[in-house]
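Accompanying notes for the structure given below.
Note that these values count all heavy atoms, side chains included, but never hydrogens, waters or copies made by symmetry. Computed from a prediction, not measured in an experiment: that's the story for all the values here.
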Amino acid sequence: MKLQKFVFKLYLFMLPFMMLFPIFIPVRDFFSSAASIQNNFFVLIIGLILLFMTNKGVLLFPKNSLVVSGIKLCVILNVISFITSVILFIPFGELNGENTLKASFPNIIYMFLTATTFYYNAMMFQIVEKKTIIKILNFLSVILLFIGILQLLLIKFPGITKIYDIINFANILVDSSFLHSMGRICFSGSEPASVGCIVTIFILPYLLSQVLHTKIFTYKLCSLLFVVLCFFTYSSTVLYTGLIVNIIIFIFLYVKNNLNKKISILIIILCLLSLFLLLCGKYIWNNTVVGYKMKELLIQKTTSQENLSTLVRYSAVKTDLQAFLYYPLTGVGNGNQGKGGDSE
């Protein structure tokens with residue numbers, strides 16, 4: 001039991017570090033699209049093995065009905081994808097070195113991992129004490145805050161490069177040269193927008209939950225600091241995500257009649273701070289890639305034919321809509337719409 005709890009603690013702590021040192025499954029030799037498993041999934045596998053050993057090989061289901069529904073949805077989507085891929089394979093066969101079975105396989109793996117993650121999280125939250133989870137998340141929040149501040153100082157004051165390199169002697173974080181060339185903080189990963197969204201979706205709601213249930217001022221301060229640090233990812237996606245998360249939490253607490261004065265004021269301040277940084281960021285940090293304007297974000301960027309990120313998303317949405325029009329009842333199987341996107 002102690003080993004089982006230790007593995008879960010490690011798993012929980014490593015969640016924001018999942019994008020470092022990814023270990024890829026060598027399926028590209030067999031399939032045109034390679035599936036990958038992040039390092040944290042190997043900890044998940046060990047945790048699952050220990051969980052089954054503790055339960056003497058019996059597959060117990062979580063008590064949370066919402067989690068069970070999520071697992072069932074993943075299973076249903078995988079079954080539909082497989083059946084649809086088989087049906088489409090019969091008339092179309094091999095096209096340009098690819099077929100529907102190969103195309104859907106990586107996505108089936110991902111959905112399976114999603115269901116597995118739901119299951120493991122729910123089962124372990126029934127076993128591990130709430131105080132233990134809070135301690136881990138507190139420590140994780142401090143670590144991420146320290147990393148963010150350190151990276152910001154490194155970008156602003158290149159003279160502390162040696163200090164950063166000493167702290168990062170094991171190369172667990174991105175190296176200093178990468179940060180200098182990019183000029184954006186990226187916390188525990190290498191892609192600022194992705195890791196920034198992890199902070200706003202994972203860490204920020206936790207801090208707000210502690211503000212709601214405790215009187216510790218540190219949680220309020222950390223919430224504000226994380227929003228400011230997220231600005232220096234120079235990703236509008238991160239700030240928008242944080243803004244949306246805050247609004248959802250506000251509405252959720254209001255519906256549940258758990259909204260009190262202190263949490264209401266903090267959420268409003270966080271929302272206003274995010275809006276301020278989005279609208280006025282260009283005047284705070286001159287000569288950088290910031291230069292955010294609402295018109296650029298809402299109109300120009302979303303319709304640009306030169307922005308690669310916009311083109312990829314536009315192509316994906318257009319292709320998915322076409323697939324829906326051609327096969328409104330059965331779909332084409334998760335992953336099979338990709339080849340249409342390539343031709344756009």
Side-chain angles (χ1 to χ4, degrees), residues 1-27 29-31 33-86 101-102 104-141 143-144 172 188 198 201-203 205-206 209-210 213 333-335:
M1 182 66 74
K2 289 184 179 180
L3 179 59
Q4 185 181 16
K5 290 184 178 181
F6 171 78
V7 171
F8 178 71
K9 294 175 186 178
L10 180 62
Y11 163 81
L12 188 60
F13 178 79
M14 287 178 63
L15 284 176
F17 298 89
M18 289 175 65
M19 284 180 282
L20 289 176
F21 310 119
I23 302 175
F24 294 95
I25 298 178
V27 298
D29 294 337
F30 308 99
F31 300 95
S33 300
S36 65
I37 290 186
Q38 304 286 1
N39 52 342
N40 202 40
F41 282 119
F42 285 93
V43 181
L44 171 63
I45 292 171
I46 295 173
L48 285 169
I49 293 172
L50 292 173
L51 181 62
F52 288 134
M53 289 175 62
T54 303
N55 297 333
K56 297 181 180 179
V58 179
L59 182 63
L60 302 177
F61 282 94
K63 298 178 182 178
N64 191 316
S65 59
L66 183 62
V67 173
V68 174
S69 298
I71 294 173
K72 289 180 179 178
L73 178 61
C74 291
V75 173
I76 291 171
L77 288 174
N78 267 354
V79 171
I80 293 175
S81 291
F82 179 74
I83 293 175
T84 307
S85 296
V86 172
L101 294 174
K102 292 179 181 179
S104 64
F105 181 74
N107 289 280
I108 289 176
I109 291 179
Y110 286 129
M111 292 306 297
F112 172 75
L113 290 174
T114 300
T116 304
T117 303
F118 285 166
Y119 175 80
Y120 181 68
N121 290 351
M123 293 301 296
M124 292 309 299
F125 271 98
Q126 294 175 188
I127 297 173
V128 179
E129 298 82 3
K130 182 180 178 181
K131 291 182 179 179
T132 301
I133 295 174
I134 289 175
K135 288 181 180 179
I136 297 171
L137 293 179
N138 283 345
F139 181 62
L140 181 58
S141 300
I143 292 295
L144 289 175
I172 295 176
S188 57
I198 289 177
I201 294 173
F202 178 41
I203 300 298
Y206 165 71
S209 71
Q210 293 306 299
H213 297 293
N334 195 10

Would you say Thr117 and Tyr11 make side-chain contact, with heavy atoms under 4.5 Å? yes

side-chain hydrogen bond (donor to acceptor under 3.5 Å, both in side chains): which pairs involve residues 50-63, sequence neighbours left out? Gln4-Thr54

Which atom names give the shortest non-hydrogen contact between Leu60 and Tyr119, and what distance separates them? O-OH, 2.6 Å

What is the distance from atom CG of Leu15 to atom CG of Leu140, rounded to the nearest 0.5 Å? 8.0 Å

Run Leu48 and Met123 through side-chain contact (heavy atoms from CB on, under 4.5 Å) and show every step you take. CA-CA 10 Å; Leu48 285 169; Met123 293 301 296; over 6 Å; no

Could you tell me which residues satisfy side-chain contact (heavy atoms from CB on, under 4.5 Å) with Ile46, sequence neighbours excluded, listed by chain and number? Val7, Leu50

Grab the two heavy atoms, one from Val58 and one from Phe52, that are nearest each other, plus how far apart they are. O-CD2, 4.3 Å

On a heavy-atom basis, the closest approach of Asn107 and Asn78 is O-OD1, 4.2 Å

Search all heavy atoms of Val68 against all heavy atoms of Pro62 and return the closest pair with its distance. CG2-O, 3.6 Å

Atom of Phe118, atom of Gly70 and distance for their closest heavy-atom approach: CD1-C, 4.0 Å

By side-chain contact (heavy atoms from CB on, under 4.5 Å), Phe139 pairs with (sequence neighbours left out) Phe13, Ile143

So Lys5 and Thr132, side-chain contact (heavy atoms from CB on, under 4.5 Å) or not? Walk me through it. CA-CA 10 Å; Lys5 290 184 178 181; Thr132 301; over 6 Å; no

Without swapping roles, check the side chain of Ser85 against the backbone of Ser104 for a donor-acceptor pair under 3.5 Å. no

Distance in Å, Leu66 CG paired with Ile71 CD1, rounded so as to fall on 0.5 Å steps: 10.0 Å

